Amino acid sequence: MPLLGVTRKERDPATKLTANIGNALREQNDRLGRADEIERRLAEGQAVVELDTSLIESSFVQDRMQGDIEGLLASVREQGQQVPILVRPHPVKPGRYQVAFGHRRLRAVSELGLPVKAVVRDLTDEQLVIAQGQENNEREDLTFIEKARFAHKLNKQFPREIVIAAMSIDKSNLSKMLLLVDALPSELIDAIGAAPGVGRPSWQQLAELVEKASSPGGAAKYAASEEVQALPSSDRFKAVIDHLKPRRIARGLPDVMSTPDGDRLAQVTQSKSKVEITIDRKATPDFAAFVLEHLPALYQEHRATHQRKQGV
């Protein structure tokens, strides 16, 4: 009997869910622990100093896109800077520094008007980008597209083995990242942003849709529009995907007609008996007046074309 009781417990969905959550949390803590260990090893034997943030520049290879740091700002404001950043003396500007990792911490401390706690180490370009890449990979706080762009920039300046070491990926995945970034207009990626939670397959889908689009530049213009920019980054990505997908007018369901550049023209509702075209007079008043003015002539042109085809 006790054995049956154990079997039921093991099959209990709630028990499995609890176990899965526990495993995920342990894995995340392990990764964060490894990231802290990387920072500890790099800082080992080095004193933590306080530096004026105006003396510190970003890494010569950007790995992040601008994003929200409100949570980090609140943490630093309440608890102070808990983990130092890693910098090196600037290679060509005496008295200045470059960040290896800790860009978000530097930004938060700078916005609060505080000095930044840092470890200063002499690093070659190769050592800097490897430290930068490995620390970010362990923390998993870079999104896929940020990692892909980082790899793309590194690939322009360093041998493949340095890029692979910095990104902790194999040659196959590196090649996929490089091809994907090459296939997407940089202004489109900038307009979409970091897109947390959006992985490689979705970005690949976007690249394929952009390739098939009649006006590839229109996607970037649409993504940069005020309407789309008001959305969170991941929702901007979804909006661009929906915008680029081929549109089909389903009977009885409204569809939106847009210009190749993404400007809204009208809403169309089609059924067996009629087609309704709705134009927003507030959005495009001149276009609405133009359609009304030219509709009779358009019908006459259609009628004349039909009669010619019929041989009348």
Side-chain angles (χ1 to χ4, degrees), residues 24-25 27-32 34-36 38-39 58-73 75 83 85 99-108 128-156 163-170 172-210 219-220 222-224 228-244:
L25 290 175
E27 181 179 350
Q28 181 180 13
N29 288 334
D30 288 344
R31 293 188 67 87
L32 290 175
R34 291 197 296 273
D36 290 335
I38 287 175
E39 294 188 349
S58 298
S59 167
F60 62 93
V61 183
Q62 182 183 355
D63 56 5
R64 294 183 182 277
M65 302 171 74
Q66 286 290 339
D68 178 36
I69 59 167
E70 288 302 317
L72 181 57
L73 275 171
S75 174
V83 181
I85 68 173
V99 179
F101 57 69
H103 289 81
R104 294 177 74 249
R105 277 166 274 168
L106 175 63
R107 181 180 162 197
L128 184 144
V129 297
I130 289 175
Q132 183 178 349
Q134 289 183 347
E135 197 267 354
N136 282 327
N137 285 334
E138 286 299 338
R139 289 197 178 277
E140 290 192 314
D141 57 355
L142 290 186
T143 65
F144 169 79
I145 197 62
E146 286 179 312
K147 290 180 179 179
R149 270 190 146 183
F150 183 46
H152 193 268
K153 291 171 182 175
L154 290 182
N155 190 63
K156 292 182 177 180
V163 183
I164 290 171
M167 300 300 299
S168 298
I169 55 177
D170 57 30
S172 175
N173 283 326
L174 175 59
S175 296
K176 291 175 182 177
M177 283 182 168
L178 300 179
L179 288 172
L180 186 58
V181 174
D182 282 333
L184 289 166
S186 60
E187 59 271 20
L188 174 59
I189 299 176
D190 289 336
I192 291 174
V198 179
R200 189 186 67 80
S202 296
W203 281 100
Q204 185 63 48
Q205 179 189 16
L206 177 60
E208 292 170 359
L209 289 171
V210 168
Y222 173 75
V228 177
Q229 285 298 303
L231 302 172
S233 180
S234 296
D235 290 339
R236 292 200 293 270
F237 180 90
K238 295 175 184 176
V240 174
I241 286 284
D242 290 340
H243 172 72
L244 291 175

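From a predicted model like this one, the values you see are computed outputs, not experimental measurements.
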[X] side chain vs [Y] backbone, donor-acceptor pair below 3.5 Å:
X      : Y      : result
Arg149 : Ser186 : yes
Gln204 : Leu180 : no
Arg236 : Ala191 : yes
Thr143 : Pro196 : no

Minimum-distance pair of heavy atoms, taken over all atoms of [X] and [Y]:
X      : Y      : result
Asp170 : Asn173 : OD1-N, 2.8 Å
Ser202 : Phe237 : O-CZ, 3.3 Å
Ala165 : Ile130 : CB-CD1, 4.2 Å
Pro185 : Val210 : CD-CG1, 4.1 Å
Glu187 : Ala220 : CG-CB, 3.6 Å
Gly193 : Ser233 : C-OG, 3.3 Å

Roughly how far, to the nearest 0.5 Å, is [atom2] of [Y] from [atom1] of [X]?
X      : Y      : atom1 : atom2 : value
Ser172 : Met177 : OG    : CE    : 11.0 Å
Leu106 : Arg104 : CG    : CZ    : 12.0 Å
His243 : Leu209 : NE2   : CG    : 10.5 Å
Lys156 : Leu178 : NZ    : CG    : 10.0 Å
Asp182 : Leu179 : CG    : CG    : 6.5 Å
Leu174 : His152 : CG    : NE2   : 10.0 Å

### Message
Quick one, Val99 and Ser58 - any side-chain contact, counting heavy atoms below 4.5 Å?
### Response
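When only atoms from C-beta onward are counted, Ser58 and Val99 do not touch, as no gap falls below 4.5 Å.
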
### Message
Among Leu206, Val198, Ile145, exactly one meets side chain to side chain contact (heavy atoms under 4.5 Å, CB included) together with Ile192. Which residue is that?
### Response
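The passing option is Leu206.
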
